[in-house]
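All remarks here apply to the structure that follows.
Lettering follows sequence order; numbering is per chain, from 1. Computed from a predicted model, the values in this text were never measured in an experiment. Note that these values count all heavy atoms, side chains included, but never hydrogens, waters or copies made by symmetry.
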There are 2 protein chains.
Amino acid sequence: MIKKMLLKDVARLAGVSEMTASRALRGAPDVSNATRAKVEEIARAHGYVPNRIAGSLSSQSVNLVAVVVPSLNSFVFPEVLSGISSVLKQSPLKPVVGISGYEMDEEEEVIREMLSWRPSGLIVAGLEHSEATQKMLLQADCPVVEVMDADGTPLRHCVGISHLQAGRDMAAQILARGYRSIGFIGTKMPQDFRARKRFDGFVAGLAEQGVALTDLEHYAGDSAIATGRLLTAQMLARQPDLDCIYYSSDVMSVGGYMHCLAAGLSVPQDVALAGFNNLPILEGLPLQLATTDACRRPIGERAAEIVLKVRDSAADLPLIRETLSPRINLGQSL
Amino acid sequence: MIKKMLLKDVARLAGVSEMTASRALRGAPDVSNATRAKVEEIARAHGYVPNRIAGSLSSQSVNLVAVVVPSLNSFVFPEVLSGISSVLKQSPLKPVVGISGYEMDEEEEVIREMLSWRPSGLIVAGLEHSEATQKMLLQADCPVVEVMDADGTPLRHCVGISHLQAGRDMAAQILARGYRSIGFIGTKMPQDFRARKRFDGFVAGLAEQGVALTDLEHYAGDSAIATGRLLTAQMLARQPDLDCIYYSSDVMSVGGYMHCLAAGLSVPQDVALAGFNNLPILEGLPLQLATTDACRRPIGERAAEIVLKVRDSAADLPLIRETLSPRINLGQSL
DNA sequence: TTTTGTTTTGTTATCGCTAACGGTTGCGCT
DNA sequence: AGCGCAACCGTTAGCGATAACAAAACAAAA
């Protein structure tokens, strides 16, 4: 293998024109079966890999959908991803993932990079973006779907849930069960807007019934079981009378539960726990922890469907805005 | 915004040639500060997003590194990813992830797709590939690094650990602690070659000391705590005398531990447990479970370093093959 | 002023592939 | 034979940027 095989090499070896070879390899019509077979045979034999850069430049179309999420470590976005993939599989489009790291500047850079490849669609988590990003999303000449969140003003299409409402609903459930000395443990706010909204909704929900948070703890960095366990231990040490803790993530509530197991506290008798997301790690625990299902997979699926639909329709479709309803799973910890 | 802004539009508005505008925007030298400022200003004002497809075709270079992993759900690959990202951040290269789903055919397709974008490097998990894939990897005119595994013959560069040895080492540890009635719970073999190697190494390690597996269970699909719990329950029901279980993944061993917690079994007195990977979910549990650290982050870092190094050096470097040594963490469960 | 050297800017020719359209062939029909 | 229609296949002209080279502008040296 001296030099990279080009389409013209394949064409020459097959004794046809470049154009015919191109058509044959793309499965385009107007090629006889004999010719197609010959071209394919030669391409395969020589390990020809088409240059999609050239192809896309020429055809002005890219079979990629950009997906920008804050992180892959959290267990939550892979599931959105898998919803997206499963829907795109019915089309020639493929998802490409970019990581924003919960940073607006990073997000801006990643989105600029993604858009510079002229994808067929862009799916981005969240409604909060830098000004430059907003401009890019508005000007992008491909379908853009903001996902996960419905509290705010989407720039284009949107599929998500109301985190404000999710927090409020969980507050209602907790109050309804008689808990009154309530703590909250969540991510460092400026970074994760959706966690902040849940927090705000939660506090508002408590306030509506005249209850205030007894204690509050924020942490930086990724959510981790160990962090949840540690912060829970600390909070319970500070506030021995606490009867319930709401966490911004299931990963954290599992950590809290681990503390309880280790400290011999019974849940929910000694302390009630509730998390958010309905992550797979909740399944299999000795006790089913309360959580809110964040509709991750459906959100991914809908977003992908919107991309496909908007792309296929010539006319400008009206903007699609969908708010899914998260379901609370009370489990056995409340 | 009627039509997509092109470089020539920016150039026209700035009163310079396309070439100068191109240079200015890329930060290339040979542009006066005044001109550069003007071009940048206009580009920003109009939200110009360069077309990297055209740029890459012309410059014959793509600032992307393809990373192909079996799954993102497993908690193990995100960490490899993050090792890769952290190293690439010092360069203009960016990682792009493709998912092979533990399927060789899918992997072939994903790699073909990736290579068709002519990336600056390709990092792929595992040493086992379809014939067509092998051919592609050998012919690819960019650095190729196979990662995670060192048992076998790499096609090009390689950074990994010996899973065979890891299994063998864990067997030695388990035997050294006096366990003799040992079970194994692992993924469906044909899919996950590394899990199979650990299994083979484990069985061989036991055999060396005249011990045979007492029981064995395979499951299909993703590893999950719930699955680990269920299979553990079943296995212990079948084999009440079992004194130790080795799992192909920490996710599963955590499930096993959850069963023990729920069933009131004490670990390791009633049954000892050991997993693999040293995943973050192990941290924070009431009991530290035995595991083997799979060096995920270092592997990602080294792979990225190799890509950078090989790319920068004009000459053909000799192939780099590195076998990292996984460290067993005995924890408190053996 | 002329010359030389250094910046800065412009021109031309691709990069590898495909859209659009034009041409050829073969066949059935009148 | 002559015509029309399909089915194939080839030619031409880009896609939007950049490499490589050429030219112009400007400054310093002679």
Side-chain angles (χ1 to χ4, degrees), chain A residues 3-40 42-43 46-64 92 112-113 115-120 141-142, chain B residues 3-40 42-43 46-64 92 112-113 115-120 141-142:
Chain A
K3 246 195 134 309
K4 198 81 196 169
M5 264 251 159
L6 301 181
L7 182 60
K8 68 171 155 218
D9 300 316
V10 176
R12 188 169 26 77
L13 291 170
V16 298
S17 73
E18 259 185 88
M19 201 54 234
T20 300
S22 169
R23 281 195 274 252
L25 292 173
R26 278 178 297 144
D30 291 346
V31 183
S32 72
N33 289 331
T35 312
R36 187 185 303 276
K38 187 170 195 176
V39 171
E40 279 174 350
I42 286 183
H46 293 259
Y48 170 69
V49 178
N51 186 328
R52 225 177 270 275
I53 297 180
S56 292
L57 179 62
S58 179
S59 67
Q60 302 280 62
S61 77
V62 178
N63 63 341
L64 300 175
R112 193 192 314 284
E113 171 74 20
L115 286 181
S116 75
W117 289 99
R118 302 291 187 268
S120 288
D141 59 352
C142 66
Chain B
K3 245 196 136 309
K4 198 81 195 166
M5 263 250 159
L6 300 182
L7 182 59
K8 68 171 157 220
D9 300 315
V10 175
R12 187 169 27 75
L13 291 171
V16 298
S17 73
E18 262 185 82
M19 201 53 235
T20 301
S22 169
R23 280 194 275 252
L25 292 173
R26 275 179 298 145
D30 293 347
V31 182
S32 72
N33 290 332
T35 318
R36 188 186 301 277
K38 187 168 193 178
V39 172
E40 279 174 351
I42 287 183
H46 293 260
Y48 169 69
V49 178
N51 186 328
R52 224 177 269 276
I53 297 180
S56 291
L57 179 62
S58 179
S59 67
Q60 301 281 62
S61 77
V62 178
N63 63 342
L64 300 174
R112 193 192 313 284
E113 171 75 20
L115 286 181
S116 75
W117 289 100
R118 302 289 187 268
S120 288
D141 59 352
C142 65

| query | Does A/Ala28 offer a backbone N or O that forms a donor-acceptor pair with the side chain of A/Arg36 under 3.5 Å? | reply | yes
| request: Please work out if B/Asp30 contacts a base, only the sugar-phosphate, or nothing of the nucleic acid, heavy-atom cut-off 4.0 Å. | output: base
| request: Tell me whether the OP1 or OP2 atom of C/dC17 has a side-chain N or O from A/Ser22 closer than 4.0 Å. | output: no
| note | Of A/Gly55 and B/Thr20, the one whose nearest nucleotide on DNA chain C sits closer to the 5' end is B/Thr20
| query | Roughly, in whole Å, what's the span from CD in A/Glu18 to P in D/dT11? | reply | 10 Å
| said: Ignoring hydrogens, what is the shortest heavy-atom contact between B/Glu18 and B/Leu7? Give both atom names and the distance. | reply: O-CD2, 3.7 Å
| field | Whole angstrom value for the distance that separates P of D/dC15 from CG of A/Asn51 | value | 18 Å
| said: Check the phosphate of D/dG10 against A/Ser17, side-chain N and O only, distance under 4.0 Å to OP1 or OP2. Yes or no? | reply: yes
| request: Report yes if a side-chain nitrogen or oxygen of A/Ser32 is closer than 4.0 Å to either non-bridging phosphate oxygen (OP1 or OP2) of D/dC9; otherwise report no. | output: yes
| query | Picking from D/dC9, C/dT9, D/dA17, which would you name as closest to the side chain of A/Arg23? | reply | D/dC9
| Roughly how many Å is it from CG in A/Leu7 to P in D/dG10, rounded to a whole number? | 12 Å
| field | Heavy-atom closest contact (B/Ala21 atom, B/Ala11 atom, distance) | value | CB-CB, 3.9 Å
| task | Tell me what B/Leu57 touches on the nucleic acid: a base, only sugar-phosphate, or nothing, going by heavy atoms under 4.0 Å. | result | base
| note | Separation of D/dG16 atom P from B/Arg12 atom CZ, nearest Å, is 14 Å
| field | Any A/Gln60 side-chain nitrogen or oxygen under 4.0 Å from OP1 or OP2 of D/dG16 | value | yes
| Rounded to the nearest Å, what distance is computed from the CG atom of residue A/Leu25 to the C1' atom of nucleotide C/dA19? | 17 Å
| query | Can you tell me the Watson-Crick or wobble partner of D/dG4, both distances under 3.5 angstrom? | reply | C/dC27
| Short side-chain N/O contact from B/Tyr48 to OP1 or OP2 of D/dA17, under 4.0 Å | yes
| request: Kindly say whether, by distance alone, the side chain of A/Ser58 makes a donor-acceptor pair under 3.5 Å with the base of C/dT18? | output: yes
| task | Round to a whole Å and report the spacing from CH2 of B/Trp117 to C1' of C/dC15. | result | 15 Å
| task | Check whether any side-chain nitrogen or oxygen of B/Arg26 sits under 4.0 Å from OP1 or OP2 of D/dA19, and answer yes or no. | result | yes
| Smallest separation among heavy atoms of A/Ala24 and A/Val31, with atom names | N-CG2, 3.9 Å
| request: Between D/dA17, C/dA19, C/dC17, spot the one nearest the side chain of A/Ser59, thanks. | output: C/dA19
| query | A/Ser61 and A/Ser56: which non-hydrogen atoms are nearest, and at how many Å? | reply | O-OG, 3.2 Å
| query | What is the distance from CG of B/Leu6 to C1' of D/dA17, rounded to the nearest Å? | reply | 10 Å
| field | Sugar-phosphate, base or nothing in reach of A/Thr35, heavy atoms under 4.0 Å | value | sugar-phosphate
| query | Are side-chain heavy atoms of B/Leu6 and B/Asn51 found at a separation under 4.5 Å? | reply | no
| message | Tell me the interatomic distance from B/Arg36, atom CZ, to C/dT8, atom P, rounded to whole angstroms. | response | 9 Å
